[in-house]
Amino acid sequence: MSYLQHLEDQAIYIFREAFANFKSMAMPWSMGKDSNTLIWLAKKAFAGKIPFPLVHIDTTYEFPEMLAFREWAKKHYEIDLIVIVNEEARKKGIGYETHDPVTVTHELKSAALQQALAKYKWDALVTGIRRDEDSTRAKERYFSPRTADNEWEYRDQPPEFWGQFTTAVKPGEHVRVQPLLDWTELDIWEYIRREGIPIPKMYFSQQGRRYRSLGCWPITKSIESSVDTLEGIVEELKVTKTSERAGRAQDHHERNAMQKLRAKGFM
Amino acid sequence: MPQAPKPVPKDYIPAFFPKRQGGARAAGGAEEVRTSIVVVGHVDHGKSTLIGRLLADTGSLPEGKLEAAEKASREEGMPLEYAFLLDAFLEEQAQNITIDTTRIGFRYKGQSFEIIDAPGHREFIKNMVTGAAAAEEAILLIDAHEGLKESRPEDMVFCFLF
C-alpha cells in the first residue's frame, strides 16, 4: 500500500471515530488546500454526504477568489454551510488597518469561532492542521481537547496511543479532531493530484507569483514562482528551503506568536 | 496595508483536475515507506539537542528556523540551543526542558523519516508514551558522563511494549 493510501485510510478512520463518539460536530472550512482535502476525505468517509455542517469563519478580509470559490463549492458540493463573522469586533473597529496581526487574527478568527461554539454547542470541531506547518502544531494530538473558554491546555495534553482518542467532553468544552496531522504539505499536493480535488487558482503562478498558504489578504504574501501545474508544485516543494507559512504575518509577529494564538483557540 | 486584491469574474470556476485512471484506490505518492524513530532517555541527556543537531546538520531545516532558535536562545541568555528547534513552547525554552512530544519529518538521501522527540522528565511520562507509541524504532540515549539513570528501565519497557 502506498503511504498516501495509508494517510487516506487513517483520515477516514479518524472522521468515523469522531462522528461515532460526538453528539454534534462541525468542520471549519477556509477554502484552502487542506480544507478542501478535508471535504474530499469527509465525503469518502460518509458515502458522499457530510453529516455535519461546515463553518466558514469570514474575517471580512477574505481574498475575492476565496469567496468566489465558496460560492462555487456551495453549488457543487452537497454541504450545509454556516458563515460566521465577529460583527462585534468589526463594529469596535478591530482590523488590520489599525491593529497588529495577532490581535486581529485572534478577534476575527478565534473569538468568532468561540461565539459560534457558544451558539451551536458543538462538542467537536474537525480541523485541517498539520504537524509540519508549525512547531506548536507538531505537538498536537489527533483528538485535542479545548476548555470551555476555547483554550488549549498545552502543558497538560492527554496521552494518546493505539488509536485510543479523547472523546469525553464536559458541557461547554470541545475536542479538535485533526485527521491531517500526519500529512505533510507535499502529501496534500500529491493527494490533490491523485484525486483531482478542486482548489482555488491562487496556488498557481500568475504573473510570476503564487500563494503557498492562504489567509487574510492584508497579511498573506505570495511567493515568487513560475509554477502553474500540480506536477510543478510537487517538484518545487521537494527542493524548497522556505517554510510554508513564511508569508503569513501573524505567525512571525513576535516570538511564540503561534503559541499565544493557539493557546487562545486559534487552529 | 497592501492594496486590496482585484475582484474575480462572476462565472468563476476553480482549478480542477480530472481523476487519474484507476479510481479512488489508484496508487499515488512517491513515498512508500516512512520510518518513525523515537528518541528516549533520561531528562537532560540531550534528546532534543541530538534531534535538533541532526536536523541542522542534514540541512533539513527551512530558512530562518535556525536563526529563530538562535534568537530564542539569546533571549534566554544562552548560546545556540539546538533543542529549541523542537521545544517550541516558551515554558519549555525558559526551563530548557521538553514538556510534550514533538513529531517532525525529514528526508535524508531520498528516504523519509519521522523523528519523535519524547520528554525525559518523569512528570511527563504520558507524553513520552504518546510519542513512543507512534514509533517503529527507538534510540535510547544515555549521557556517557552520567551513565544509566533510574528512569530508563521504564523507557525500555515502554519501547518493548510498543
Side-chain angles (χ1 to χ4, degrees), chain A residues 1-5 7-8 44 63-65 67-69 71-73 96-97 131-132 134-136 138-139 141 154-155 157-162 181-182 184 186-187 190-201 203-204 217-218 221 230 234 238 240-244 246 255-256 258-259, chain B residues 1-2 4-10 12-20 22 24-34 59 61-65 68 71-72 75 85-91 93 99-105 107 112 114 117 125-134 162:
Chain A
M1 196 201 319
S2 77
Y3 190 73
L4 211 51
Q5 190 54 50
L7 289 176
E8 180 190 80
K44 283 201 184 199
F63 280 103
E65 194 193 328
L67 295 175
F69 186 93
E71 297 314 305
W72 178 88
Y96 294 108
E97 294 83 355
R131 284 199 198 90
D132 74 328
D134 165 73
S135 45
T136 63
K139 290 175 176 284
R141 305 287 190 262
Y154 58 87
R155 273 163 295 207
Q157 295 203 77
E160 183 175 72
F161 48 89
W162 294 341
L181 268 193
D182 284 2
T184 63
L186 190 57
D187 295 329
E190 299 252 24
Y191 189 71
I192 288 172
R193 181 167 64 159
R194 189 186 98 169
E195 301 286 317
I197 302 173
I199 46 163
K201 289 177 195 158
Y203 289 111
F204 299 98
W217 65 259
K221 281 203 191 94
L230 281 175
V234 168
K238 282 182 181 165
T240 187
K241 284 277 167 200
T242 315
S243 73
E244 180 182 357
R255 179 184 167 201
N256 299 76
M258 274 295 262
Q259 176 185 349
Chain B
M1 281 283 281
K6 290 189 194 98
V8 288
K10 279 207 172 100
Y12 173 82
I13 297 169
F16 182 77
F17 318 94
K19 246 183 201 175
R20 265 197 194 177
R25 283 268 161 184
E31 322 293 340
E32 296 295 314
V33 189
R34 206 167 298 188
L61 296 169
E63 275 167 17
K65 185 95 181 168
K71 189 166 171 266
E75 282 178 30
L85 293 166
L86 295 113
D87 293 336
F89 296 142
L90 271 179
E91 292 81 351
Q93 297 181 350
I99 295 173
D100 212 328
T101 189
T102 303
R103 293 169 65 172
I104 191 162
R107 288 163 64 86
S112 285
E114 179 186 51
D117 185 28
I125 205 148
K126 67 186 170 71
N127 298 339
M128 186 277 281
V129 173
T130 300
F162 295 119

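Worth saying up front: this structure is predicted, and the values here are computed from it rather than measured. Both backbone and side-chain heavy atoms feed into the values below; hydrogens, waters and symmetry mates do not. So you know, we letter chains A, B, ... as the sequences are listed, proteins then strands, and number each from 1.
- Most heavy-atom pairs under 4.5 Å with chain A: of the set B:G64, B:A88, B:P14, B:A72, this distinction falls to B:P14.
- Formation of a donor-acceptor pair under 3.5 Å by the A:K201 side chain with backbone atoms of B:I13 is found in this model.
- Chosen from A:A246, A:S243, A:P218, the residue pairing most often with chain B at heavy-atom distances under 4.5 Å is A:P218.
- Interface remark: A:E65 contributes backbone and side-chain atoms alike to the contact with chain B (heavy atom separation under 4.5 Å).
- Your options are B:P9, B:P62, B:P7, and the one with the most heavy-atom pairs under 4.5 Å with chain A is B:P62.
- Only the side chain of B:K65 comes within less than 4.5 Å of a heavy atom of chain A; its backbone N, CA, C and O stay farther away.
- Highest contact tally toward chain A, considering only B:T101, B:I99, B:L61, B:D87, is held by B:T101 [criterion: heavy-atom pairs under 4.5 Å].
- The two residues B:P5 and A:F63 come nearest to each other via the heavy atoms CG-CD2, 3.7 Å.
- Between B:F16 atom CZ and A:I199 atom CD1 the span is 11.0 Å, to the nearest 0.5 Å.
- The backbone N or O of A:A138 lies less than 3.5 Å from no partner atom in the side chain of B:T102, so there is not a single donor-acceptor pair.
- There is no contact between B:I104 and chain A, counting heavy-atom distances below 4.5 Å.
- If you measure heavy-atom distances from A:W72 to chain B, the contacts under 4.5 Å come from the side chain alone.
- Looking only at heavy-atom pairs under 4.5 Å with chain B, the residue among A:E71, A:E244, A:K241 that has the most is A:K241.
- When B:M1, B:E63, B:R103, B:E114 are compared by the number of non-hydrogen pairs under 4.5 Å with chain A, B:R103 comes out ahead.
- In this structure, chain A has no heavy atom under 4.5 Å from any part of B:D117.
- Partner of B:D100 under the side-chain hydrogen bond (donor to acceptor under 3.5 Å, both in side chains) criterion, chosen from A:R155, A:K139, A:Q157: A:Q157.
- Heavy-atom distances place no part of A:Y191 under 4.5 Å from chain B, backbone and side chain included.
- Put simply, the side chain of B:Y12 reaches to within 4.5 Å of the side chain of A:P200, judged on heavy atoms.
- Contacts of B:A68 with chain A are absent, with no heavy-atom separation under 4.5 Å from either backbone or side chain.
- Looking at A:N256, only its side chain comes within 4.5 Å of chain B, counting heavy atoms on both sides.
- Note on A:T242, A:L230, A:D182: by heavy-atom pairs under 4.5 Å with chain B, the leading option is A:L230.
- Rounded to the nearest 0.5 angstrom, B:R107 CZ and A:T184 OG1 are separated by 9.0 Å.
- Atoms CD and CZ, on B:Q93 and A:R255 in that order, are 4.5 Å from each other to the nearest 0.5 Å.
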